[in-house]
Engineer: 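The structure follows.
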Amino acid sequence: MADVLTELPGVGPSTAEKLIEAGYLDFMKIATATIGELTDIEGISEKAAAKMIMAARDLCDLGFKSGVELLRQRQSVWRLSTGSKELDTVLAGGLESQSVTEFAGMYGSGKTQIMHQSCVNLQIAGKIYADLEGVVEEELEHPKAVYIDTEGTFRPERVVQMAEGLGIDGQLVLDNTFVARAYNSDMQMLFAEKIEDLIKGGNNIKLVIIDSLTSTFRNEFTGRGKLAERQQKLGRHMATLNKLADLYNCIVLVTNQVAAKPDAFFGVAEQAIGGHVVGHAATFRFFLRKSKGDKRVAKLYDSPHLPDSEAVFRITEKGIMD
Ligand code: ADP
Ligand code: MG
């Protein structure tokens with residue numbers, strides 16, 4: 001049932017209508033909005049926005065959490081195998097829910113392959129690892145994926161090939177994967193915002209993929225003069241993704257391009273696009289690079305609780321493996 005927005009202080013029927021029109025359908029959406037976002041709506045002052053947000057946070061029970069509660073939330077984290085044991089080990093078990101994981105690398109380094117494989121593995125119970133005390137079993141029943149494709153590289157036939165490689169029905173994977181082709185950053189952001197509606201419509205979305213996160217932004221906002229605007233929009237997009245991960249216990253995967261680092265004399269000569277906005281919003285950050293033949297190297301270089309390390313995996317006809 002929809003929340004009754006007029007229960008919030010200072011929200012009468014006409015303000016409620018405006019909020020709904022702007023997409024703020026429930027308390028949670030308001031609780032996690034910024035003051036700036038709400039004051040974009042005509043007739044809402046900064047003071048009123050702040051009051052609404054605080055009240056909505058109380059109603060949604062968002063605020064300080066004790067360490068015990070946080071530990072309980074951590075226990076509900078579940079993991080998905082990448083297909084490579086070595087890569088899973090670097091991730092301490094697999095791709096983590098309630099997090100955003102970024103794979104950056106040059107063209108052909110295997111980013112899109114990992115995204116395809118994740119959609120396949122999501123449909124295999126044996127590739128999902130959960131702490132049975134922390135995760136309600138039904139939560140992971142009939143999981144579905146959303147794949148936002150900005151480069152036109154999603155290939156259903158590749159999904160089928162990988163599924164068959166693992167002995168499962170490719171059609172099952174395709175039936176449980178929503179694909180949206182985004183031609184520009186506005187479409188990309190809108191699709192991400194619509195995922196919540198899919199979930200509320202009864203789809204158990206547990207995996208969200210943005211392949212690629214930055215290409216539309218990079219194409220549309222060229223030149224120094226556009227950088228601030230680009231970063232602001234990208235920041236909003238990352239916030240949407242983080243919210244999905246947190247609120248719905250989803251795994252969020254994003255791919256990213258790399259650019260030459262102009263001032264690098266030592267160390268990495270390449271860096272992921274998106275600067276601090278992406279860096280701070282992604283929980284796990286990987287660099288992928290090509291190695292001999294079908295081998296690829298994944299280097300984890302930024303994680304809150306895991307050491308930096310490398311894994312070698314392979315991309316074969318059957319998919320990602322050791
Ligand atoms: P990107 O990092 O640009 O997204 P991809 O994930 O698309 O790169 O990786 C492309 C590479 O994956 C190809 O160069 C090839 O080595 C490998 N690959 C793609 N499809 C297959 C397949 N059907 N069988 C074996 N290897 C494949
Ligand atoms: Mg790709």
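Whatever order the structure lists them in is the order used to number ligands and atoms, beginning at 1. Worth knowing before you read on, the calculation uses all heavy atoms, side chains too, and leaves out hydrogens, waters and symmetry mates.
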Engineer: Between D149 (side chain only) and F154 (backbone N and O only), is there a donor and an acceptor less than 3.5 Å apart?
Structural biologist: yes
Engineer: Looking only at protein heavy atoms, which one is nearest to atom 17 (C) of ligand 1, and what is the separation?
Structural biologist: I315 CG2, 3.7 Å
Engineer: Going by atom types alone, do R72 and Q75 pair a side-chain donor with an acceptor below 3.5 Å?
Structural biologist: no
Engineer: Within a distance under 4.0 Å of any heavy atom of M106, pick out the atoms of ligand 1 and give their elements.
Structural biologist: 2 (O)
Engineer: Check if G105 has a non-hydrogen atom at a distance under 4.0 Å from any atom of ligand 1.
Structural biologist: no
Engineer: Have T150 and T216 got a donor and an acceptor in their side chains that come within less than 3.5 Å?
Structural biologist: no
Engineer: For atom 4 (O) of ligand 1, what's the nearest protein heavy atom and its distance?
Structural biologist: T112 OG1, 2.8 Å
Engineer: Could you label the plane-to-plane angle of the Y147 and H116 rings as parallel, tilted or perpendicular, counting under 30° as parallel and over 60° as perpendicular?
Structural biologist: perpendicular
Engineer: Quick test of your reading of the structure: of K295, Q113, R314, whose heavy atom lies closest to atom 5 (P) of ligand 1?
Structural biologist: Q113
Engineer: What protein heavy atom sits nearest atom 15 (C) of ligand 1, and how far away is it?
Structural biologist: R296 NH2, 4.2 Å
Engineer: Looking at E196 and K243, is there a salt bridge between them, counting it only when a charged N and a carboxylate O are closer than 4.0 Å?
Structural biologist: no
Engineer: Select one of side chain, backbone, both or neither to describe which atoms of T316 lie under 4.0 Å from any atom of ligand 1, heavy atoms only.
Structural biologist: backbone
Engineer: Does either side chain, that of N249 or that of Q98, offer a donor lying less than 3.5 Å from an acceptor on the other one?
Structural biologist: yes
Engineer: I'd like to know if R289 pairs up with E310 as an ion pair, taking the criterion as any Lys NZ or Arg NE/NH1/NH2 lying under 4.0 Å from an Asp or Glu carboxylate oxygen.
Structural biologist: yes
Engineer: Between Y107 and ligand 1, is there a nitrogen or oxygen pair with a distance under 3.5 Å?
Structural biologist: no
Engineer: Considering only protein heavy atoms, which is closest to atom 27 (C) of ligand 1, and at what distance to one decimal place?
Structural biologist: R158 NH2, 3.9 Å
Engineer: Is it true that H116 lies under 4.0 Å from ligand 1, counting heavy atoms only?
Structural biologist: no
Engineer: Ignoring hydrogens and geometry beyond distance, is a side-chain donor-acceptor pair present between Q117 and S84 at under 3.5 Å?
Structural biologist: no
Engineer: For ligand 1, which atoms, with element, lie under 4.0 Å from some heavy atom of G110?
Structural biologist: 1 (P), 2 (O), 5 (P), 6 (O), 8 (O), 9 (O)
Engineer: Pairing donors with acceptors under 3.5 angstrom, does anything connect the side chains of T316 and D294?
Structural biologist: no
Engineer: Counting heavy atoms only, which of Q117, E317, Q161 is nearest atom 23 (N) of ligand 1?
Structural biologist: Q161
Engineer: Which residue supplies the protein heavy atom nearest to atom 3 (O) of ligand 1, what is that atom called, and how far is it?
Structural biologist: G108 N, 2.7 Å
Engineer: When you measure from the centre of the six-membered ring of F287, is the NZ or CZ of R285 closer than 6.0 Å and no more than 45° off the axis?
Structural biologist: no
Engineer: With a cut-off of 2.8 Å, does T112 place any N/O/S atom under that distance from the Mg ion (ligand 2)?
Structural biologist: yes
Engineer: May I ask whether M162 places a heavy atom under 4.0 Å from ligand 1?
Structural biologist: no
